[in-house]
> 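Got a structure for you, questions after.
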Amino acid sequence: MDTDPAHRLDPVLLHHIVNTLGWPGLRPLQTDAVAALLSGEDAVLLAPTAGGKTEAAAFPLLTAMARDNWSNTSVLYLTPLRALLNNLQPRLHTYAQWLGRTAALWHGDTAESERRRLRREPPDILLTTPESLEAQLISAKTDHALLLGGVRAVVVDEVHAFAGDDRGWHLLAVLERLQRLTGRSLQRVGLSATVGNPEELLAWLQGSGSGRRPGQVIAPGIDIGPSPTAEEGQRHTAEPPPGEVELDYVGSLTNAATVITALRRGEKRLVFCESRRQVEELGQALRARGATVFLSHSSLSAAERLRSEDAFAQARDCVIVATSTLELGIDVGDLDRVIQIDSPATVASFLQRLGRTGRRPGSTRNCLYLATSHESLLQAAGLLTLWGRHWVEPVSAPPGPHHLVAQQLLAVALQRHKLPAADWHEEWNGLTPFDASAQPVLDHLLTEGFLEQDSGIYFIGVQAEKRFGRRHFMDLTASFTAPPQFTVLHGRAEIGHADPALLVEEHEGPLRLLLAGRSWQVTYVDWRRHRVFVEAAESGGIAKWQTGTARGLSYQLTQALREVLLGTDPPVRLTRRAQAALVELRETEGRFAHQDAAVIIRHGRDVRWWTWAGFRANATLTAWLADVVDPLQRPADAYVRLRHDLTREEWAQARRLPREEELPQVSAAAVRGLKFSAALPDDLAARVLAARLVDAEGARAALSRLVRWETEQV
């Protein structure tokens with residue numbers, strides 16, 4: 001009896017795997033996924049970048065498609081990025097064609113003529129985003145039963161990227177509506193790199209539980225033990241993490257450009273930066289030093305990014321500089337090295353980036369960190385300390401998405417043209433919070449005219465049409481707010497997008513922008529159509545974009561920063577410059593950390609409690625201890641600013657009676673920036689954001705520590 005799971009795949013697929021792809025066999029993840037997916041189970045498949053996750057999902061589902069004669073669009077493949085869809089479609093279409101099937105794209109860049117064709121001739125696999133799937137559901141042009149009524153399985157690639165923010169809530173709600181449309185439970189398969197809580201991620205992906213299938217996490221060779229809490233500390237394993245990592249201190253972006261060009265000649269390098277501004281400035285500096293440079297970030301046009309990625313994939317001895325746009329699995333060919341400028345905010349992000357290397361036989365995963373400041377060096381050292389302990393952040397959905405409840409009520413009213421008042425909440429199969437508990441949100445929509453009712457039926461109201469009706473309600477399909485930007489054009493060629501704040505700033509002489517690594521002089525601004533016309537300039541361009549709301553660092557990472565100040569070195573190669581800079585850091589900043597206690601330092605009228613608890617825990621402490629903290633402070637990762645006249649007696653009393661019912665304060669500007677806040681009562685919109693600032697566990701851990709009071713001479 002043949003017990004090889006691979007032999008359960010369709011024989012035609014097996015033939016092509018061996019003879020067309022030239023594979024000697026399946027990888028462990030692909031082998032382990034066969035039985036579960038062919039039996040219809042839900043699953044989360046975990047593997048590092050380039051670990052074969054796409055094939056692990058595609059081959060069994062294509063086999064089931066052929067075995068059970070699925071027709072029309074039977075598999076949805078969802079990703080968070082259009083670029084990732086573009087990258088995956090040719091590969092999935094090739095696999096599908098082996099069985100006489102098709103795979104096609106539908107996202108925001110898909111031409112209307114192609115959409116009309118797909119409506120007439122649905123593909124077997126449809127690659128799309130949750131936002132485009134929502135648009136299909138509410139579109140009057142789409143025959144929902146024809147295009148989507150045959151869906152049997154949904155693959156969610158980079159599922160962790162959805163689960164941690166509002167796009168995840170939106171995804172779950174849309175999948176529940178799709179399940180009602182098809183009249184069957186949908187098999188749900190999530191693909192992810194390593195996360196700290198995969199079992200919870202699987203439960204999240206399974207949604208309401210209506211018709212829930214058996215499910216399992218498939219992660220050969222990966223420790224998927226329980227995630228640590230803030231107080232328990234990091235997960236430890238005996239083996240060192242895979243990969244060669246080096247940490248260097250260079251002091252500036254200009255010096256980083258010099259190091260990259262001088263030390264790594266002849267290699268293909270992918271450089272990650274933490275902002276679009278850094279990408280532009282580093283790209284310009286590398287180009288000035290004679291390097292062949294390509295750039296990728298969200299404010300470059302799709303055509304500009306695609307040209308860069310294609311050219312980089314074909315070239316040697318070159319550099320591509322990117323933000324996280326190239327973090328999520330997009331194939332840019334074989335890499336010799338990943339270089340990280342400063343540090344990402346999460347270990348999970350670093351693992352994604354590290355996984356872009358080491359794909360060729362005989363090569364290893366590697367990363368060179370270049371810190372441009374002492375602050376970024378400390379953060380990099382802290383993050384690499386956590387990485388050395390095999391610790392990865394748990395992924396959890398943000399609490400209280402009441403704004404998305406409002407969005408979904410309006411979207412369903414558009415999709416169905418009417419919403420029965422008696423059983424409106426059944427549309428999401430009991431998925432919390434899109435259930436009967438959303439009644440206060442529904443009441444507000446009715447009161448404010450976003451929804452209207454007649455004879456027991458709800459339907460779209462005048463206020464909803466006024467707020468969200470532009471472009472056939474397309475703004476209603478996205479769960480996030482994109483900041484306004486102006487399109488930058490050189491002749492007819494679109495280069496990218498500029499922040500309008502930069503266009504109105506006072507400056508001497510002509511305004512010059514830095515975009516795509518080149519300087520451009522602004523010749524005309526079309527304020528009505530949001531367009532900026534430019535011509536090439538030699539130098540002097542400025543790169544600047546609004547960054548939105550800062551999330552800050554986590555409790556665990558900030559605690560690791562404290563450990564570094566107290567003498568812990570990360571388990572990586574430290575250059576002599578990095579070693580010297582860490583010594584200097586410990587000499588100058590070490591007084592803010594103590595081995596056995598937190599430190600409160602009074603320096604004149606400035607009193608700071610060095611909690612090392614992270615941004616959210618410190619915001620929580622500020623709310624709980626409102627009587628003793630400075631009300632004018634800005635939230636910080638490492639400390640909370642206390643009242644300048646605070647006595648030790650007042651402090652001791654406040655610590656004993658923390659007001660845990662209090663939520664952090666949020667600004668009116670932040671509330672206005674919350675998507676669909678206009679469809680919520682003001683106090684409820686503020687509570688949505690405030691609840692997302694809370695880290696009660698980290699705050700309690702900080703309160704439990706002994707405190708040392710110190711006074712510095714002014």
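Heavy-atom basis, side chains included; hydrogens, waters and symmetry copies ignored.
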> Between Asn618 and Thr611, what is the shortest heavy-atom contact and its length?
OD1-OG1, 2.6 Å

> Does Thr323 have any side chain to side chain donor-acceptor pair (under 3.5 Å) partners at least two apart in sequence or in another chain, and if so, which?
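Side chain to side chain donor-acceptor pair (under 3.5 Å) check on Thr323 returns nothing, list empty.
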
> Check for a donor-acceptor pair, side chain of Glu176 on one end and backbone N or O of Leu431 on the other, with a separation under 3.5 Å.
no

> Just wondering, more than 12 heavy atoms not from Gln633 lying within 6.0 Å of its CD?
yes

> Would you mind checking if Glu158 and Arg167 are paired as a salt bridge, meaning a charged N to carboxylate O distance below 4.0 Å?
no

> Would you mind reporting whether Trp545 and Ser299 have side-chain heavy atoms less than 4.5 Å apart?
yes

> Using a cut-off of 6.0 Å, state whether more than 12 heavy atoms not belonging to Gln216 lie near its atom CD.
yes

> Between Trp387 and Leu351, is any pair of side-chain heavy atoms under 4.5 Å apart?
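In contact.
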
> Can you tell me if Ser349 uses its side chain to pair, donor with acceptor, with the backbone of Thr346 under 3.5 Å?
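A pair under 3.5 Å: no.
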
> Partners of Glu393 by side chain to side chain donor-acceptor pair (under 3.5 Å), sequence neighbours excluded?
none

> For residues 247-256, which residue pairs qualify under salt bridge (Lys or Arg N to Asp or Glu O under 4.0 Å), counting only residues two or more places apart or in two chains?
Asp248-Arg577

> Can you name the residues that form a side chain to side chain donor-acceptor pair (under 3.5 Å) with Gln439, not counting sequence neighbours?
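Applying side chain to side chain donor-acceptor pair (under 3.5 Å) to Gln439 gives Asp443.
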
> Is the closest side-chain heavy-atom distance between His170 and Gln407 below 4.5 Å?
yes

> Where do Val707 and Arg655 land on the side chain to side chain contact (heavy atoms under 4.5 Å, CB included) test, with the steps shown first?
CA-CA 11 Å; Val707 169; Arg655 285 187 66 192; 3.6 Å; yes

> Does the side chain of Val392 reach to within under 4.5 Å of the side chain of His160, using non-hydrogen atoms?
no

> Work out which heavy atom in Val671 is nearest to a heavy atom in Ser677; give both atom names and the distance.
O-OG, 3.1 Å

> Less than 4.0 Å between a side-chain N and a carboxylate O, is that true for Asp499 and Arg276?
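Salt bridge between Arg276 and Asp499, a charged N being under 4.0 Å from a carboxylate O: no.
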
> Are Val405 and Phe434 packed together at the side-chain level, in the sense that at least one heavy-atom pair is separated by less than 4.5 angstrom?
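SC-SC contact between Val405 and Phe434 confirmed.
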
> Do the ring planes of Trp709 and Trp651 sit parallel (below 30°), tilted (30 to 60°) or perpendicular (above 60°)?
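It falls in the perpendicular class, over 60°.
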
> Do the side chain of Arg562 and the main chain of Gln595 share a donor and acceptor less than 3.5 angstrom apart?
yes

> Is there a side chain to side chain contact (heavy atoms under 4.5 Å, CB included) between Val564 and Arg586? Walk through the geometry before answering.
CA-CA 8 Å; Val564 172; Arg586 288 160 180 158; 3.9 Å; yes

> Go through the steps for Trp609 and Val629 under the test side chain to side chain contact (heavy atoms under 4.5 Å, CB included), then give the verdict.
CA-CA 9 Å; Trp609 173 25; Val629 302; over 6 Å; no

> Hey, does the side chain of Arg643 reach the backbone of Pro631 with a donor-acceptor pair shorter than 3.5 angstrom?
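No.
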
> Got a second to check how far Ser275's OG is from Leu282's CG, nearest 0.5 Å?
10.0 Å

> Ignoring hydrogens and angles, state whether a donor on the side chain of Gln556 or Trp391 is under 3.5 Å from an acceptor on the partner side chain.
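No - no donor-acceptor pair under 3.5 Å links their side chains.
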
> Which heavy atom of Leu253 sits nearest to which heavy atom of Thr372, and what is that distance?
N-CG2, 3.9 Å

> Has Arg353 got a side-chain atom pairing as donor or acceptor with Leu326's backbone, closer than 3.5 angstrom?
no

> Can you name the residues that form a side chain to side chain contact (heavy atoms under 4.5 Å, CB included) with Val599, not counting sequence neighbours?
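Val599 satisfies side chain to side chain contact (heavy atoms under 4.5 Å, CB included) with His594, Ile601, Glu710 once adjacent residues are dropped.
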
> With Trp204, which of Val44, Val159, Val395, Asn197 fulfils side-chain contact (heavy atoms from CB on, under 4.5 Å)?
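The passing option is Val159.
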
> Please answer whether the main-chain N or O of Ser554 pairs with a side-chain N or O of Gln559 as donor and acceptor at a distance below 3.5 Å.
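Between the backbone of Ser554 and the side chain of Gln559 there is no qualifying donor-acceptor contact (under 3.5 Å).
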
> If you measure from CG on Leu561 to CZ on Phe592, what distance do you get to the nearest 0.5 Å?
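Leu561 CG to Phe592 CZ: 13.5 Å, rounded to 0.5 Å.
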
> Are Asp165 and Lys675 close enough for a salt bridge, meaning some N to O gap below 4.0 Å?
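No, Asp165 and Lys675 are not salt-bridged.
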
> To the nearest 0.5 angstrom, please state how far the CG atom of Leu205 sits from the CG atom of Leu172.
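One finds 7.0 Å between CG of Leu205 and CG of Leu172.
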
> If every non-hydrogen atom of Pro198 is compared with every non-hydrogen atom of Leu46, which pair is closest and at what distance?
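Minimum heavy-atom separation between Pro198 and Leu46: CB-CD1, 3.6 Å.
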
> Using the salt bridge (Lys or Arg N to Asp or Glu O under 4.0 Å) rule, collect all pairs that involve residues 613-640, keeping only residues at least two apart or in two chains.
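Qualifying pairs: none.
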
> For residues Thr432 and Asp435, report the shortest heavy-atom separation together with the two atoms involved.
OG1-OD2, 3.3 Å

> Return yes if some donor-acceptor pair links the side-chain N/O of Thr620 with the main-chain N/O of Asp695 below 3.5 Å, else return no.
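Judged by distance alone, yes, a pair lies under 3.5 Å.
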
> So how far is it from Gln579 CD to Leu574 CG, rounded to the nearest 0.5 Å?
5.5 Å

> Look at atom CG of Asp606 and say whether more than 12 heavy atoms of other residues, nucleotides or ligands are closer to it than 6.0 Å.
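Yes, CG of Asp606 has more than 12 neighbouring heavy atoms, counting only those of other groups under 6.0 Å.
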
> Taking the side chain as every heavy atom from C-beta outward, state whether Pro664 and Val694 have any atom pair closer than 4.5 Å.
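With C-beta onward as the side chain, the pair touches.
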
> The test is side chain to side chain contact (heavy atoms under 4.5 Å, CB included); show your working for Cys273 and Val321 and say whether it passes.
CA-CA 7 Å; Cys273 296; Val321 187; 3.7 Å; yes

> As an exercise, state the distance from CG of Asp342 to OH of Tyr369, rounded to the nearest 0.5 Å.
10.0 Å

> List the atom of Ala670, the atom of Leu689, and the distance in Å for their closest heavy-atom pair.
O-CD1, 3.3 Å

> Just how far is it from atom CZ of Arg591 to atom CD of Glu589, taken to the nearest 0.5 Å?
6.0 Å

> If you define the side chain from C-beta out and look only at heavy atoms, does anything of Trp169 sit under 4.5 Å from Pro433?
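A side-chain contact under 4.5 Å exists here.
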
> I want to check something: taking the side chain as every heavy atom from C-beta on, are Trp610 and Leu565 in contact at a cut-off of under 4.5 Å?
no

> Please evaluate residues Thr79 and Asp157 with respect to the criterion side-chain hydrogen bond (donor to acceptor under 3.5 Å, both in side chains), reporting the C-alpha separation (whole Å), side-chain torsions for both, the decisive distance (0.1 Å), and the verdict.
CA-CA 5 Å; Thr79 81; Asp157 205 345; over 6 Å; no

> Looking at the rings of His374 and Tyr249, which for Trp means the six-membered one, are their centres under 6.0 Å apart?
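They qualify: ring centres under 6.0 Å apart.
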
